[in-house]
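Before any comments, here is the structure.
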Amino acid sequence: MKFFWIQLALGLFQTDLAVKHEINKESGFDRERSLWGGRIQVRKLRNYGTAGGRWTGHMPEIIKVSGLMTLGCMAAFVRLLFREGRTMQKLGFSLLTGGALSNLYDRCRKGYVVDYISFRTPFPRLNRLVFNLSDFFIMAGALLICFGQTENTGE
């Protein structure tokens with residue numbers, strides 16, 4: 001069963017890379033497509049920084065920090081795989097690891113992360129944020145890890 005969780009993480013990594021590849025094949029960065037009545041926007045963006053475009057121009061430092069964080073995440077994931085139960089946390093670490101690896105791969109290979117999903121909300125600041133599948137994997141994984149903290153521990 002240990003390999004299932006590792007395969008899931010690698011499958012999520014590959015899925016996001018495949019979607020990013022398809023998005024990257026689109027010719028224009030300014031072309032935007034609306035889905036679900038305009039609530040979701042698909043547009044291509046190269047993010048040369050961290051979340052929300054912060055730290056743009058500091059890619060070597062971003063790669064070092066995100067690389068160390070991804071390595072730490074992977075170490076905790078491997079350690080968890082040898083514990084009984086904790087299904088929610090294992091799922092969370094699969095999501096978190098797959099997403100982190102995909103964004104780290106982009107940073108190392110391309111020098112930027114490809115983002116492509118944004119939302120139309122009543123909040124203008126939120127409308128400017130652009131995400132990718134890895135970002136959602138990371139967020140969902142972190143939540144599952146937190147929610148699974150007391151799973152099978154008797155606490």
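We count residues from 1, following the sequence as given.
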> Linking Ile, Leu, Val, Met, Phe, Trp and Tyr through side-chain heavy atoms less than 4.5 Å apart, which residues share a cluster with V65?
Replying inline: M69
> Do any pairs count as a salt bridge (charged side-chain N to carboxylate O under 4.0 Å, His left out) and have a residue in residues 53-65, sequence neighbours left out, and if so which ones?
Replying inline: none
With a 3.5 Å cut-off and sequence neighbours excluded, list the donor-acceptor pairs that the side chains of residues 2-15 form with protein atoms.
| residue | atom | partner | partner atom | Å |
| --- | --- | --- | --- | --- |
| T15 | OG1 | G11 | O | 2.8 |

> By side-chain contact (heavy atoms from CB on, under 4.5 Å), which residues pair with T70, not counting sequence neighbours?
Replying inline: M74, A100, L101, L104
>> Could you tell me if the side chain of T87 sits less than 4.5 Å from the side chain of K90, heavy atoms only?
In response: no
> Considering only heavy atoms from C-beta outward, does the side chain of Q41 approach that of I117 to under 4.5 Å?
Replying inline: no
> Among all residues two or more places apart in sequence or in another chain, which pass the salt bridge (Lys or Arg N to Asp or Glu O under 4.0 Å) test with D106?
Replying inline: K20, K110
>> Checking L35 now: which residues fulfil side-chain contact (heavy atoms from CB on, under 4.5 Å) with it, not counting sequence neighbours?
In response: I40, V42
Got a list of side-chain donor-acceptor pairs under 3.5 Å for residues 133-147, not counting sequence neighbours?
| residue | atom | partner | partner atom | Å |
| --- | --- | --- | --- | --- |
| S134 | OG | D16 | OD2 | 2.6 |
| S134 | OG | G99 | O | 3.3 |
| S134 | OG | S102 | OG | 3.3 |
| D135 | OD1 | N103 | ND2 | 3.1 |
| D135 | OD2 | N132 | N | 3.0 |

>> Once side-chain hydrogen bond (donor to acceptor under 3.5 Å, both in side chains) is applied, do any residues pair with S66, and if so which ones, sequence neighbours excluded?
In response: none
>> Once rounded to the nearest 0.5 Å, what's the spacing between atom CZ of R46 and atom OH of Y116?
In response: 15.5 Å
>> So, using side-chain hydrogen bond (donor to acceptor under 3.5 Å, both in side chains) as the criterion, who are the partners of T56 when residues are at least two apart?
In response: none
> What salt bridge (charged side-chain N to carboxylate O under 4.0 Å, His left out) pairs are there with at least one residue in residues 111-120, not counting sequence neighbours?
Replying inline: E32-R120
> Closest approach of T50 and R107, non-hydrogen atoms and distance?
Replying inline: CA-NH2, 3.9 Å
>> Holding to ring-ring contact (aromatic ring centres under 6.0 Å, His included), I want the full list of residues that pass it with Y48, two or more places apart in sequence or in another chain.
In response: Y112
> Taking only residues two or more places apart in sequence or in another chain, which ones pass side-chain hydrogen bond (donor to acceptor under 3.5 Å, both in side chains) with S94?
Replying inline: none
